[in-house]
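Here the structure comes first, spelled out in structure tokens, and everything after it is commentary.
Quick caveat, the model's predicted, so the values are computed rather than measured. So that the names make sense, note that chain A is the first sequence line, chain B the second, and so on, each numbered from 1.
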Amino acid sequence: MIEVVTVERLKQHVGQTVCVRGWLYNLSSKGKLHFAQVRDGTGIVQCVVFKNNVPPELFEALGHAGQESSITLTGLLREDPRAPGGFEIDVTQGEILQSVQGYPITPKEHGIEYLLEHRHLWLRSRRTWAILRVRDAVITAIRRFFDERGFVCVDSPIFTPNACEGTSTLFEVPYFEQTAYLTQSGQLYAEAAAMALGKVYTFGPTFRAEKSKTRRHLTEFWMLEPEMAYATLEDVMKLAEEMLAYIVAQVLERRRVELGVLERDLSKLERIQAPFPRLSYDEAAKILAEHPESTFKYGDDFGAPDETILSNRFDRPVLVHRYPKEVKAFYMKRDPEDPSKCLCVDVLGSEGVGEIIGGSQREDDLELLLGRIREHQLPESAFQWYLDLRRYGSVPHAGFGLGLERTVAWICGIEHVREAIPFPRTIYRLTP
RNA sequence: UCCCCGAUAGCUCAAUGGUAGAGCACCCGGCUGUUAACCGGGUUGUUGUAGGUUCGAGCCCUACUCGGGGAGCCA
């Protein structure tokens, strides 16, 4: 009985006759010899097909099979230093399920517009394969991290009756007799869950109808939002840096091959160890004031170029805390030592990826929170359930939101977040 | 919403206002060690759309469409 083996497990089967099932990644023929690179989703293996070792129909058909033809090949697996990956299959039998002509994405160069138009096929490329496997490892690491620390995963709704923060533009959808919005954050719901379960996190898709056109923005992206009862800004900062260090360590352990495909500088990732550098807003403002290229004015939020200037000073993510209350959301608690500031933190990823985490201690006082809602002219009635959390057993609590695609882009060292999600949604792209 | 850039063969790109080209892909032939193989031969066009200037427009002008980069906003 010949065993079907995945490419990633081949090394356990050297010397055996094995069968690989996959797609033709590349074929180069040399007279009476074909080299077929076959990918099966777990990796790529070279299969050597000598004319004299296989049925003549198979040899002939393989010579005309184009890229991405679906094939199964069987033969003796042996180690060979000449083969990419170090193993190759000396084929004796095989089947071409479908012989393909004219696959749109060749191993040559393509423009980004063309690739995005063919994203459903672009997924098969080596580079996308590597990125999506890193993304998977990041997601798994996140769930492990929180599970090990006693957090409970609580899903927040996608349909919401109103804006969570009242700032971003939301997507409207008809909802029977009323209008609903696609969520821009699960945070308020996470706060409710934290009062019920202690330590929780939500992890799901998030939507912003902002007409952003940058390499850091998507209209649909995944956000992780942990929330802890009886917690402070300090607790959240510690959690954030420990989590990021854990994620990076897990990716380094489980996705070395993929990082190699992406030509990622591993030494940069190996430096990502807690604790991370911390700057107060005031300290960061001082740095920017002395920087010739910055147009920053004290009191403003940092622009994207400012964030790059700040993050370039460090070899790991930097935590910037205690921003002026004017530039931050209504639910953030004021710093008792300086009421002009919020107890909040942004984590800026290295290498220009921008803000990957935004978090804060939440305002837990009913009257202060109500005042904030009025100041921001938010619809008070819509927040009654949220205010209930301050009416019935209010406690200090804190949490943050992590942008998954920005984190993946940062770890992979890729330019644009649209490559860090299988099917990116941007202002001018809804397909495929 | 604002600023900048782009659109020519299936793909990536070239072409001083004067005959629309190359590489790759694809097809045929050759090759028992290729790594995006190589060698020889062959096929491939409503130059994004609509107007305008000109003897003549891929090239200049206007509008539009589609897309890309950035700002703002944010993760």
Side-chain angles (χ1 to χ4, degrees), chain A residues 25-37 44-53 59 63-64 66-67 80-86 88 90 100-118 121 125-126 164-170 184-187 203 205-225 240 295 300-308 327-329 346-349 352-359 400-410 415-418 420-421 426-429 431:
Chain A
Y25 192 70
N26 194 23
L27 179 77
S28 75
S29 297
K30 210 175 175 335
K32 300 187 172 69
L33 167 64
H34 297 309
F35 291 100
Q37 315 286 338
I44 296 176
V45 64
Q46 172 161 285
C47 301
V48 188
V49 187
F50 286 104
K51 190 171 187 177
N52 293 336
N53 293 354
F59 189 86
H64 293 92
Q67 196 186 343
D80 192 316
R82 293 172 295 187
E88 68 180 20
D90 200 352
V100 167
Q101 298 302 321
Y103 181 68
I105 300 183
T106 65
K108 300 282 178 182
E109 280 179 61
H110 296 283
I112 188 64
E113 180 182 353
Y114 184 82
L115 288 172
L116 287 171
E117 206 63 59
H118 295 84
L121 301 176
S125 76
R126 196 114 173 85
C164 291
E165 304 181 14
T167 50
S168 287
T169 314
L170 305 188
Q184 62 164 182
S185 165
Q187 183 201 312
F203 191 17
T206 313
F207 308 88
R208 304 276 165 93
E210 299 289 348
K211 296 187 173 178
S212 303
K213 290 189 62 177
T214 83
R215 63 199 163 88
R216 300 181 305 281
H217 288 88
L218 297 166
T219 54
E220 176 183 304
F221 64 99
W222 281 63
M223 188 150 70
L224 160 80
E225 294 173 283
T295 56
D300 289 353
D301 202 352
F302 303 129
D306 297 324
E307 291 182 350
T308 302
V327 301
K328 289 294 178 182
D346 282 1
V347 181
L348 309 180
V353 74
E355 185 185 340
I356 55 177
I357 285 179
F400 66 77
L402 167 106
L404 179 66
E405 288 74 19
R406 287 185 184 180
T407 304
V408 172
W410 162 57
E415 277 291 301
H416 204 300
V417 289
R418 69 184 160 212
I421 187 168
T426 55
I427 172 169
Y428 293 129
R429 183 166 298 284
T431 54

Need one value for A:I356: base, sugar-phosphate or nothing, where a base atom within 4.0 Å counts as base even if backbone is also close, heavy atoms only. sugar-phosphate
Compare the minimum distances between each of B:rA75, B:rG68, B:rU32 and the side chain of A:F221, then state the nucleotide with the smallest one. B:rA75
Would A:E225 and A:S185 count as having a side-chain donor-acceptor pair, cut-off 3.5 Å? yes
Donor-acceptor pair, distance only, cut-off 3.5 Å: does the side chain of A:E405 make one with the backbone of A:W222? yes
Nearest 0.5 Å, what's the OG1-CZ distance between A:T214 and A:R418? 10.0 Å
A:Y103 and A:Q67: which non-hydrogen atoms are nearest, and at how many Å? CB-O, 3.5 Å
How would you label the contact of A:H118 with the nucleic acid (heavy atoms, under 4.0 Å): base, sugar-phosphate, or nothing? nothing
Given B:rA75, B:rU34, B:rG33, which nucleotide is nearest the side-chain atoms of A:F50? B:rG33
Are the side chain of A:R406 and the backbone N or O of A:E355 linked by a donor-acceptor pair below 3.5 Å? yes
So A:G358, base contact, sugar-phosphate only, or nothing? Heavy-atom distance under 4.0 Å. sugar-phosphate
Please work out if A:Y114 contacts a base, only the sugar-phosphate, or nothing of the nucleic acid, heavy-atom cut-off 4.0 Å. sugar-phosphate
Mark yes or no for a side-chain to base donor-acceptor pair under 3.5 Å between A:R429 and B:rC66, with no hydrogen or angle criteria applied. no
Without decimals, in angstroms, what is the distance between A:F302 CZ and B:rA71 C1'? 18 Å
Which pair of non-hydrogen atoms, one from A:I427 and one from A:T219, has the smallest distance, and what is that distance? N-CG2, 3.9 Å
Using a 5.5 Å cut-off between ring centres and planes within 30 degrees, is A:F35 stacked on the base of B:rG33? no
First encountered from the 5' end of RNA chain B, between A:P104 and A:S28: A:P104
What nucleotide among B:rC74, B:rU12, B:rG69 has an atom nearest to a side-chain atom of A:H110? B:rU12
Find the distance between CD (A:E88) and CD (A:Q37) and round it off to the nearest 0.5 Å. 9.5 Å
With heavy atoms under 4.0 Å as the rule, sort A:G354 into base, sugar-phosphate or nothing. nothing
Between B:rC73 atom P and A:D306 atom CG, what is the distance in whole Å? 11 Å
Rounding to an integer number of angstrom, what distance separates B:rC55 and B:rG42 when you compare their C1' atoms? 38 Å
Using a 4.0 Å heavy-atom cut-off, does A:L218 contact any base of the nucleic acid, only the sugar-phosphate backbone, or nothing at all? base
Answer yes or no: side-chain N or O of A:K213 and base N or O of B:rG68 forming a donor-acceptor pair under 3.5 Å. yes
Considering only the P atoms, how many Å lie between B:rG58 and B:rC28, rounded to the nearest integer? 36 Å
I'd like the C1' distance from B:rU19 over to B:rU34, given in whole Å. 42 Å
Check every strand shown and say whether A:G303 touches a base, only sugar-phosphate, or nothing at a heavy-atom separation below 4.0 Å. sugar-phosphate
Symbol by symbol from the 5' end, with Watson-Crick or G-U pairs under 3.5 Å, [ ] crossing and | another strand, RNA chain B is (((((((..((((....[..)))).(((((.......))))).....(((((..]....))))))))))))....
Using atom C1' in both nucleotides, what's the gap between B:rG29 and B:rA36 to the nearest angstrom? 22 Å
Would you indicate, yes or no, if B:rG33 has its OP1 or OP2 atom less than 4.0 angstrom from a side-chain nitrogen or oxygen of A:K30? yes
Side-chain atoms of A:R82 come closest, of B:rU1, B:rU34, B:rG70, to B:rU34
How would you label the contact of A:E415 with the nucleic acid (heavy atoms, under 4.0 Å): base, sugar-phosphate, or nothing? nothing
Closest-nucleotide ordering on RNA chain B, the 5'-leading residue of A:P81 and A:M223: A:P81
Send over the distance from A:Q67 CD to B:rC26 C1', rounded to a whole Å. 13 Å
Interatomic distance where CG belongs to A:D300 and P belongs to B:rC73 [whole Å]: 9 Å
Which nucleotide wins on minimum distance to the side chain of A:Q46, given the candidates B:rA75, B:rG70, B:rG33? B:rG33
Per side chain to side chain contact (heavy atoms under 4.5 Å, CB included), A:F59 is matched among A:V49, A:N53, A:N52 by A:V49
Expressed in angstrom and rounded to an integer, what is the separation of A:I105 atom CD1 from B:rU12 atom C1'? 14 Å
What integer distance in Å separates A:E117:CD from B:rA7:P? 18 Å
Separation of B:rA75 P from A:E220 CD (nearest whole Å): 17 Å
Would you classify A:Q101 as touching base, sugar-phosphate or nothing, given that sugar-phosphate means primed atoms plus P, OP1 and OP2, and contacts are heavy atoms under 4.0 Å? sugar-phosphate
Nearest-Å distance, NZ (A:K328) to C1' (B:rC73)? 11 Å
Give A:H34 one of three labels, base, sugar-phosphate or nothing, depending on what nucleic acid heavy atoms sit under 4.0 Å from its own. nothing
Within less than 4.0 Å of OP1 or OP2 of B:rG69, is there a side-chain N or O belonging to A:H416? yes
Using a heavy-atom cut-off of 4.0 Å across all strands, would you classify A:N52 as base, sugar-phosphate, or nothing? base
OP1 or OP2 of B:rC74 versus the side-chain N and O atoms of A:R216: is any pair under 4.0 Å? no
Going by the angle between their ring planes, with limits at 30° and 60°, are A:H110 and A:Y114 parallel, tilted or perpendicular? parallel
For B:rU49 versus B:rA9, give the span between their P atoms, rounded off to a whole number of Å. 11 Å
Taking atom P in both B:rC64 and B:rC11, what distance in whole Å separates the two? 27 Å
Candidates B:rG72, B:rA75, B:rG33 - which lies nearest the side chain of A:A304: B:rG72
Using the C1' atom as the reference point in each nucleotide, state the distance between B:rA7 and B:rG48 in Å, no decimals. 6 Å
Answer with base, sugar-phosphate or nothing: what part of the nucleic acid does A:S29 contact at a heavy-atom distance below 4.0 Å? base
Ignoring hydrogens, what is the shortest heavy-atom contact between A:H64 and A:Q101? Give both atom names and the distance. O-NE2, 2.6 Å
Could you tell me how far B:rG52 sits from B:rG17 if I compare only their C1' atoms? Round to whole Å. 16 Å
Name the nucleic acid region contacted by A:L224, choosing base, sugar-phosphate or nothing; use a 4.0 angstrom heavy-atom cut-off, strictly under. nothing
No-H, no-angle donor-acceptor pair, A:S212 side chain to B:rG72 base, under 3.5 Å: yes
In Å and rounded to the nearest 0.5 Å, what is the OG1 to CG distance from A:T426 to A:L116? 7.0 Å
Identify whether any heavy atom of A:R418 sits under 4.0 Å from a base atom; if not, whether one sits that close to sugar-phosphate; answer base, sugar-phosphate or nothing. sugar-phosphate
Donor-acceptor pair, A:Q184 side chain versus A:A209 backbone, under 3.5 Å? no
